[in-house]
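Here is the naming used below: chain letters follow the sequence lines, and residue numbers restart at 1 for every chain.
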Amino acid sequence: MDKYNENLTDVKEIFRKGDLRAIPKPLLKWYDNNRRILPWREQPTPYRVWVSEIMLQQTRVEAVKPYFQRFMDTLPDIAALAEAPEETLLKLWEGLGYYNRVRNLQKAAIQIMEDYAGIMPDSYEELLKLKGIGSYTAGAVSSIAYGKPNPAVDGNVLRVIARIRKDDRCISEDKVKKAVEKDLWEVIPKDRPGDFNQAMMEIGACVCIPNGAPHCEECPLRQICLAYEDGTQQQYPNKAKAKERTIEEKTILIIRDAELAVLHKRPAKGLLAGMYEFPSMKGFCTAEEVKEYLTENGLQVLRIQPLEDAKHIFSHREWHMKGYLIRVDELAPKKVGPDSADWIYIEPRETQDRYPIPSAFAAYAKGLSMQLGIPRTMF
DNA sequence: AAGGCGGGGAC
DNA sequence: GTCCCAGCCTT
């Protein structure tokens, strides 16, 4: 018996396992009883939905929660977003990662002010023209904020669908995602497209989970699911293995005089673009090498104190770091050395509300508030 | 088609 | 340690 609902009297609603047409009814019924309360689900205006979807790209719900309301309070509408200074944007995004997202968010806000009279477009095609909006986000915004029947296919949806259909195709491939989007366009309910998309993702995040065994006993789709039928859920989805990480060694310098500390703004492109960091040296350096480097850059070193080693893991890279807390005589405005020309001198407390520093430096950012009260006898 | 781009939680 | 997250952009 491979009909999941042969007891229904309406013949039109009888489907084989793996048929996506069978999804909407049980899914929406489950969603009505199990949807999470999330900040962006209250008053789902186009702007709120859009900002939340950008924040949620490759980022878990729990990570986004503390960022969303603060962002909305600071930049309550598209006009405010379009005019915000870059440092304000990066500070609001600090710790969330993928910082190009917020720069693209602003570029899109400017597009909307200039090309759409300040109104977020409602069609899938127009949304796709905005910076930072791809097929997933165009589907999410158009369906959740505007009620348009477009699918929003993310990693959750790809996993749920792959298991339901026992689909061996690699979900990392563009064509597979496109095919799933096309299939969902055929079955997405026209009366509740936003809820359907959110419900699919909710199932993926809470029931048909990415790590570990899925909670099939509580899944409203288990009678439709081909993988559940033979217990092969964990074999899906098929996905390409992640590339190996390369290791990079660095020496981080917390340079201070009596009042100020040194930061450096990273280049506008590449890793952690536009974020602030401490000056650093390539490789693991000794205190003597650090002193030599700083002297070349016109500083008189009074003390060098080793800090604890630290490690930070990115997707495709690892930083292994040594650190030194360095007291210099005076951070002169005169820029002399090869690197110090790009340094900025700040009051340590300014990192709290002004300069965005990525999490990679968290272990050393503490050095900004450390007292430098080491007895002179140590030197 | 492939690589770059953060950070953290779950196992 | 590994996996992967409400993906998108560039090359």
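- Between A:Arg159 and C:dC5 there is a side-chain polar atom (N or O) within less than 4.0 angstrom of OP1 or OP2.
- With hydrogens and angles disregarded, a donor-acceptor distance shorter than 3.5 Å links the side chain of A:Tyr99 to the backbone of A:Gly95.
- Between A:Lys291 and A:Glu288 no salt bridge is recorded (no basic side-chain N to carboxylate O distance below 4.0 Å).
- Across all strands, A:Trp93 comes closer than 4.0 Å to no nucleic acid atom at all (heavy-atom distances).
- Distance, A:Trp50 CH2 to C:dG7 P: 18 Å, rounded to whole Å.
- Put simply, A:Lys311 has no side-chain N or O that comes within less than 4.0 Å of OP1 or OP2 on B:dG7.
- A close approach under 4.0 Å does not occur between any side-chain nitrogen or oxygen of A:Thr137 and OP1 or OP2 of C:dA6.
- The pair A:Glu202-A:Arg41 meets the salt-bridge criterion, with a side-chain N (NZ, NE, NH1 or NH2) lying under 4.0 Å from an Asp/Glu carboxylate O.
- Here A:Ile54 lies out of heavy-atom contact (under 4.0 Å) with every strand.
- Using bins of under 30°, 30° to 60° and over 60° for the plane-to-plane angle, the ring pair A:Phe278/A:Phe361 lands in the perpendicular bin.
- The separation between A:Met201 atom CE and C:dC4 atom P is 19 Å, rounded to whole Å.
- Separating the CG atom of A:Asn104 from the C1' atom of B:dG4 is a distance of 14 Å, rounded to the nearest angstrom.
- Closest to the side chain of A:Arg317, from the set C:dC9, C:dC4, B:dC5, is B:dC5.
- With B:dG7, B:dG6, C:dC8 as the choices, the nucleotide that has an atom nearest any side-chain atom of A:Tyr136 turns out to be C:dC8.
- Under 4.0 angstrom from either OP1 or OP2 of B:dG6 there lies no side-chain N or O belonging to A:His312.
- Looking at A:Lys166 and A:Asp230, a side-chain N of the basic residue comes within less than 4.0 Å of a carboxylate O on the acidic one, giving a salt bridge.
- Contact check, A:Gln58 against C:dG7: a side-chain N or O comes under 4.0 Å of OP1 or OP2.
- In this entry the distance linking CG of A:Leu130 with C1' of C:dC8 reads 13 Å, nearest Å.
- Distances were taken from every side-chain heavy atom of A:Phe314 (C-beta onward) to each of B:dG6, B:dC5, C:dA6; the shortest belongs to B:dG6.
- For a distance-only test at 3.5 Å, the side chain of A:Ser315 qualifies as a donor-acceptor partner of the base of B:dG6.
- Projected onto DNA chain B by closest heavy-atom contact, A:Gly212 and A:Tyr98 fall at different nucleotides, the more 5' of which corresponds to A:Tyr98.
- Spacing between atom CD1 of A:Ile313 and atom C1' of C:dG1 amounts to 9 Å, rounded to whole angstrom units.
- Taking a cutoff of 4.0 Å between a charged side-chain nitrogen and a carboxylate oxygen, A:Glu173 and A:Lys239 do not qualify as a salt bridge.
- When heavy atoms are screened at a 4.0 angstrom cut-off, A:Leu38 is found touching base atoms of the nucleic acid.
- Rounding to whole angstrom units, NE2 of residue A:His316 and P of C:dC9 are separated by 17 Å.
- Nucleotides B:dG3 and C:dA6 place their P atoms 24 Å apart, quoted to the nearest Å.
- One interatomic measurement links the two molecules: CG of A:Leu90 to P of B:dG7, which rounds to 12 Å at whole-angstrom precision.
- Between the CG atom of A:Leu271 and the P atom of B:dG3 there is a distance of 17 Å, rounded to whole Å.
- Within the 4.0 Å cut-off from OP1 or OP2 of C:dG7, not a single side-chain nitrogen or oxygen of A:Lys131 is found.
- Considering only side-chain N and O atoms, A:Lys243 lies under 4.0 angstrom from the phosphate OP1 or OP2 of B:dG4.
- Each of B:dG7, C:dG7, B:dG9 was ranked by its minimum atom distance to the side chain of A:Leu272; first place goes to B:dG7.
- Judged by closest nucleotide on DNA chain B, A:Lys175 is the one of A:Lys175 and A:Tyr99 placed further toward the 5' end.
- Nucleic acid contact class of A:Arg36 (heavy atoms, under 4.0 Å, all strands): base.
- Taking 4.0 angstrom as the limit, A:Asn211 places none of its side-chain polar atoms (N or O) nearer than this to OP1 or OP2 of C:dC3.
- Among the nucleotides C:dC5, C:dG7, B:dG7, the one closest to the side chain of A:Pro358 is B:dG7.
- No donor-acceptor pair under 3.5 Å is formed between the side chain of A:Arg159 and the backbone N or O of A:Ile171.
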